[in-house]
Amino acid sequence: MNIKIDSKFLKSFFPENTLTKNLEKSISKRELLHNKKGAGSEFLGWVDLPSQIKDSDLKNIQETADEINSNSEYLVVIGIGGSYLGARAMIEANVNSFHMVENHKNKKTKILYAGHHLDPDYHNDLLDFLQDKEFSVNVISKSGTTTEPALAFRSLLALTEKKYGKENLKKRIFSTTDAKKGALKKLSDEYELKTFVIPDDVGGRYSVLTPVGLIPIAASGISISEFVKGARNMQNFLANEKDPINNLSCYYAALRNTLYDSGRKIEIMVNYNPKMHYFTEWWKQLFGESEGKDKRGIFPAGVDFTSDLHSMGQYIQDGERQIFETVLNITAPNRDSIIQEFAGDPDGLNYIAGKKLSYIGEQAIKGTKLAHYEGGVPNIEISIPKISPEVCGELVYFYEYACGISGYMLGVNPFDQPGVEDYKNNMFALLGKKGYEEMKVKVEGKLKGLI
């Protein structure tokens, strides 16, 4: 496997026997993913998903992506949470850092995002931007009634119909939704839109290997066949490796739960490549929504080094010692550069002239890990050789599998999200949604009582 785990910066932070117990526990909890006897077993479709994706499925998705590429400068992906984070993580990681510059040499369709918040300025800026652009829309929602994406789709549907005509909507709008029911499915049938199915047994944060993620990824020009290949390789490896130290996901789950048992309540994902920022955002949702239940769970946070070493670095070095770091280290860039020598050494940097920029980055990583370790912060290092669609496929499945194991080790259902409904219900009541009349009175009363 392309993924390696190094735990040398965990020495002395917990007794060895506690890790041994959690390694054994991780193997027993791993079995729940395969025998489907654990909590939330009705949402375990992702476990075997990579090997079940057919070549015909990928072909259909790629043909849709090619259709989008043929007539659209931009694809607007409408979704929130798992409906867009996985795709955005893969796209941002694998395309050129400046691909969004309009005159960039990469002529592939550029991906925009909507429906992931309620900010009116962003919403109106997006509509203004699209007025004179060629665009398509991929709306993603199981029900079609989630407030943020539903509102965004209303406006974008109106703009698309105004720009291209109702008769051409099916050439511009693609929906990813439930196979049989829901508001978006009904609308898609009414407008004869090409529709892709979100499997009933795959939750949103585990859905990047379904059409939810694959359509935007393909439209951006990334090889979905390579992405799926990486996930398949990892699936096969984890399904057959029963030694918890060699099973990457078991080992990671055991390490983080051992740290949690020792009082480390916050896990900080550290990456040193800005292209992996949204991968961290996807990881935060995956673990936060899966584990944060019943007043327990590791809080997932993220930093982008070396940038955040000049802001959050101080706290990590000297603040409360309830944190641990998981460092995502990419050992080789896709392109490198050599530091040039300057006559007279005006900036004092000639001592590193002739060295590769990646080498300097390596020393920054080593120095930071050692400083944080000596400052009382445990480090788990997860390294990959490079960023590519195949390696990203491995990473995605590795983390999904580890998250399922880790959630079961914590004693929670890793596949539901009951707390997310609380804010929705309050919002619906305050907005006067039908059926929430009685609740509205209660919510307003509670708010008044806080003033």
Side-chain angles (χ1 to χ4, degrees), residues 1-9 86 88-99 104-106 108 208 217 220-234 236-238 246 248-249 251-252 255 268-283 302-309 313 325-341 349 351-373 379-399 402:
M1 291 285 91
N2 283 302
I3 298 171
K4 309 293 181 186
I5 299 178
D6 189 339
S7 60
K8 66 175 174 286
F9 285 98
R88 188 165 192 174
M90 295 306 102
I91 293 166
E92 298 290 337
N94 287 281
V95 299
N96 185 284
S97 299
F98 299 94
H99 68 286
H104 191 271
K105 61 184 178 181
N106 177 14
K108 290 292 183 180
V208 65
I217 292 169
S220 72
I222 297 168
S223 171
I224 53 174
S225 61
E226 289 297 306
F227 178 53
V228 171
K229 176 184 175 183
R232 284 174 179 161
N233 290 341
M234 185 57 72
N236 183 60
F237 173 76
L238 296 175
N246 292 327
L248 296 166
S249 293
Y251 191 40
Y252 173 55
L255 289 173
I268 302 174
M269 169 74 83
V270 177
N271 79 76
Y272 283 82
N273 189 316
K275 295 175 75 171
M276 298 299 284
H277 173 82
Y278 273 96
F279 186 86
T280 301
E281 294 302 302
W282 171 81
W283 171 85
V303 291
D304 299 324
F305 286 171
T306 59
S307 302
D308 285 338
L309 283 172
E325 292 178 300
T326 296
V327 180
L328 183 57
N329 183 21
I330 301 157
T331 57
N334 290 322
R335 295 190 297 170
D336 213 337
S337 56
I338 303 292
I339 305 302
Q340 301 300 310
E341 184 169 352
L349 292 177
Y351 76 99
I352 53 175
K355 292 182 171 62
K356 292 181 178 179
L357 188 56
S358 63
Y359 172 80
I360 297 166
E362 288 169 16
Q363 308 323 303
I365 294 171
K366 290 177 183 177
T368 303
K369 286 191 296 185
L370 179 59
H372 290 180
Y373 171 75
N379 276 241
I380 303 170
E381 181 178 62
I382 297 176
S383 62
I384 59 174
K386 62 179 181 179
I387 300 175
S388 71
E390 182 177 345
V391 172
C392 285
E394 286 189 23
L395 266 180
V396 162
Y397 192 85
F398 156 74
Y399 276 116

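As the structure is a computational prediction, the values presented were derived from the model and not from experiment. Residue numbers start at 1 and run along the sequence shown.
Side chain of Thr306 to main chain of Leu309: no donor-acceptor pair is present (N/O by atom type, distance under 3.5 Å, no hydrogens or angles). Glu394 places a side-chain N or O within donor-acceptor distance of the main-chain N or O of Asn2, the cut-off being under 3.5 Å. Side-chain N or O atoms of Asp6 include none that pairs as donor or acceptor with a backbone N or O of Glu381 at under 3.5 Å. Side chain of Glu92 to backbone of Met90: no donor-acceptor contact under 3.5 angstrom is found. Remark: side-chain polar atoms of Asn236 are not paired, donor with acceptor, to backbone N or O of Arg232 under 3.5 angstrom. Not a single donor-acceptor pair under 3.5 Å links the side chain of Ser7 to the backbone N or O of Ile380.
Note that the CE atom of Met234 and the OH atom of Tyr399 stand 10.5 Å from one another [nearest 0.5 Å]. Between the CZ atom of Phe279 and the CG atom of Asn94 there is a distance of 11.0 Å, given to the nearest 0.5 Å. Between atom CG of residue Asn329 and atom CD1 of residue Ile382 there is a gap of 11.0 Å, rounded to the nearest 0.5 Å. Residue Ile222 holds its CD1 atom at 10.5 Å from OG of Ser388, rounded to the nearest 0.5 Å. Atom CE of Met1 is separated from atom CZ of Phe237 by 6.5 Å, given to the nearest 0.5 angstrom. The line from CD1 of Ile91 to NZ of Lys275 is 12.5 Å long, rounded to the nearest 0.5 Å.
Residues Ile352 and Ile339 share a closest heavy-atom pair of O-CB, 3.6 Å. Taking both residues in full, the closest heavy atoms of Gly313 and His372 are given as O-NE2, 4.4 Å, listed atom of the first, atom of the second, then distance. Across every non-hydrogen atom of Leu238 and Ser249, the tightest pair is CD1-OG, 3.3 Å. Closest approach of Leu357 and Asp336 over heavy atoms only: N-OD1, 3.6 Å. The two residues Asn96 and His99 make their nearest non-hydrogen contact at O-ND1, 2.8 Å. Residues Lys108 and Ser220 approach most closely at CB-O, 3.7 Å, considering heavy atoms.
Using bins of under 30°, 30° to 60° and over 60° for the plane-to-plane angle, the ring pair Phe398/Tyr252 lands in the tilted bin.
Scanning for side-chain hydrogen bond (donor to acceptor under 3.5 Å, both in side chains) contacts around Ser225 gives Ser223, with sequence neighbours left out.
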(request) May I have the step-by-step check of side chain to side chain contact (heavy atoms under 4.5 Å, CB included) for Leu328 and Trp283, ending in yes or no? (result) CA-CA 12 Å; Leu328 183 57; Trp283 171 85; over 6 Å; no
(request) Let me see the working for Tyr272 and Val327 under side chain to side chain contact (heavy atoms under 4.5 Å, CB included), right down to the final yes or no. (result) CA-CA 8 Å; Tyr272 283 82; Val327 180; 3.9 Å; yes
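Here the rule is side-chain contact (heavy atoms from CB on, under 4.5 Å) with Val270, and of Thr280, Val303, Asp304 only Val303 fits it.
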